[in-house]
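Side chains included, hydrogens not; waters and symmetry mates left out as well; all remaining heavy atoms used. Just so it is clear: chains get the letters A, B, ... in the order the sequence lines come, proteins before strands, and each one is counted from 1.
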There are 2 protein chains.
Amino acid sequence: MILSKSCVYAIRATLYITAQENREYIPVKEIAKELNLSFHFLTKILQGLTNASLMKSYRGPNGGVAMARSADSIYLIEVIDVMDGLDIFSECLLGLPNCNDINPCPLHEEWAKNRTSIHKMFQTMTLSQIVNNIDKLRLGL
Amino acid sequence: MILSKSCVYAIRATLYITAQENREYIPVKEIAKELNLSFHFLTKILQGLTNASLMKSYRGPNGGVAMARSADSIYLIEVIDVMDGLDIFSECLLGLPNCNDINPCPLHEEWAKNRTSIHKMFQTMTLSQIVNNIDKLRLGL
DNA sequence: GACATTTAAGATAAAGGAGTCTGAAATATG
DNA sequence: CATATTTCAGACTCCTTTATCTTAAATGTC
Ligand code: SF4
Ligand code: SF4
């Protein structure tokens, strides 16, 4: 898998939150239940997003978490960056050291092309765009 | 990283072996030294390839390992299959369950395109092709 | 203020991948 | 046959990721 499980959970959670328009703070417990994830694990993951200022949170009754900015200005790559970092988009496929563009292996061009393509995809896709184009009922499960 | 470390080590080792034309069996100790890998770890990895009949081995002095078939008929995907399996080429990017082609998320088409492209790359590239197009001195390190 | 709700923080545990080590089996050489 | 070489087999350790659990802090409601 390209993305870690934590990263995928983070993406799914932010998509769920984005789909809940007209609501202020969403309890983590609700998100965990709807997405069928461990509450405590998801809590820790979303805390990471909150510390990175991608989300905001509020304690106490009626509290929960929410996106820090409008979801149509949040790109998938931002969530990925917080969770996994961006190394995957510059890493070599074969992990060979001492490789450079001057004398690349036969895989390099093809690999670099796809790597860039995937990177661009994450850089241009916002949370809103995904939510608006998906059957919202499918976000859970 | 898309491929596991073991898989990358396996690929690098098979490339090194392929580059050693005119030689019968190559000792694992030599490969490990040249590629700067742990001998015992590489031994275990190459045993896997041998058990999968991708390589053959011979014990005792002058023994070692060799590719089971001509390297120009061995495709990268075969090594990857033995080490990591082929699930990565059908897996969903986001690991979402209950996803299908009828009602895909906005990422699906782009992701599937690149996934297929990478798969094809591994399916069409032989060990010989890589070795013939790379600076052999760079295989070590 | 008492109490219930909810996130924050951090310790702990379980699982898998990565890497190490030891001894057994095979084989060439003398 | 004795010895050195080399793969085979499996146990074992180490590290990272994944997941669980416990306690504290904040906050709304009565
Ligand atoms: S040349 Fe090949 S091995 Fe080197 S960085 Fe590019 S893809 Fe990786
Ligand atoms: S539709 Fe999206 S989430 Fe579903 S399998 Fe395709 S890429 Fe994954």
Under the rule for salt bridge (charged side-chain N to carboxylate O under 4.0 Å, His left out), what residues qualify as partners of A:R59, not counting sequence neighbours?
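Once residues adjacent in sequence are excluded, A:R59 has no partner under the salt bridge (charged side-chain N to carboxylate O under 4.0 Å, His left out) criterion.
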In whole Å, I'd like the distance from the [atom1] atom of [X] to the [atom2] atom of [N].
X: A:L46; N: C:dT7; atom1: CG; atom2: P; answer: 9 Å
X: A:M55; N: C:dT6; atom1: CE; atom2: P; answer: 15 Å
X: A:I31; N: C:dT6; atom1: CD1; atom2: P; answer: 12 Å
X: B:F39; N: C:dG19; atom1: CZ; atom2: C1'; answer: 14 Å
X: B:Q47; N: C:dG23; atom1: CD; atom2: C1'; answer: 13 Å
X: B:M83; N: C:dG17; atom1: CE; atom2: C1'; answer: 11 Å
X: A:H40; N: C:dA14; atom1: NE2; atom2: C1'; answer: 16 Å
X: A:L42; N: C:dA8; atom1: CG; atom2: P; answer: 12 Å

Hey, what's the ring geometry for A:F89 with A:H119, parallel, tilted or perpendicular (30° and 60° as the breaks)?
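If you compare the ring of A:F89 with that of A:H119, the planes turn out parallel.
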Under 4.0 Å between a side-chain N/O of B:Y9 and OP1 or OP2 of C:dG19, yes or no?
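True: B:Y9 side-chain N/O within range (under 4.0 Å) of C:dG19 OP1/OP2.
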Return no unless some side-chain N or O of A:S57 is found under 4.0 Å from OP1 or OP2 of C:dT7.
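No, outside the criterion.
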A:T18 side chain vs A:L127 backbone, donor-acceptor pair below 3.5 Å
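Looks like no, no N/O pair under 3.5 Å.
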Side chain proximity check, B:F41 to B:S6, heavy atoms < 4.5 angstrom
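B:F41 vs B:S6: side chains touch.
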To the nearest 0.5 Å, tell me how far B:L42 CG sits from B:K33 NZ.
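B:L42 atom CG to B:K33 atom NZ measures 14.5 Å (nearest 0.5 Å).
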First and last nucleotide of DNA chain D, 5' to 3', lying under 4.0 Å from heavy atoms of chain A
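So the contact region on DNA chain D extends D:dT18 to D:dT29.
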Take atom CD in A:E109; do more than 12 heavy atoms of anything else shown fall under 6.0 Å from it?
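Open.
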Is it the case that the side chains of B:T126 and B:D72 hold a donor-acceptor pair, with the cut-off being a distance below 3.5 Å and no angle test?
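B:T126 and B:D72 do not have a side-chain donor-acceptor pair below 3.5 Å.
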Do the side-chain N and O atoms of A:Y16 and A:E30 include a donor-acceptor pair separated by under 3.5 angstrom?
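The criterion, which ignores hydrogens and geometry beyond distance, is satisfied for A:E30 and A:Y16.
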Would you kindly check whether a donor in the side chain of B:K44 faces an acceptor in the base of C:dG19, or vice versa, at under 3.5 angstrom?
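Indeed there is one.
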Sidechain N-carboxylate O distance under 4.0 Å for B:E78, B:R69:
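Salt bridge between B:E78 and B:R69, a charged N being under 4.0 Å from a carboxylate O: yes.
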Table of protein N/O atoms under 3.5 Å from nucleotides 28-30 of chain C N/O atoms:
unit_1, atom_1, unit_2, atom_2, d
C:dA28, OP1, B:Y58, OH, 2.5

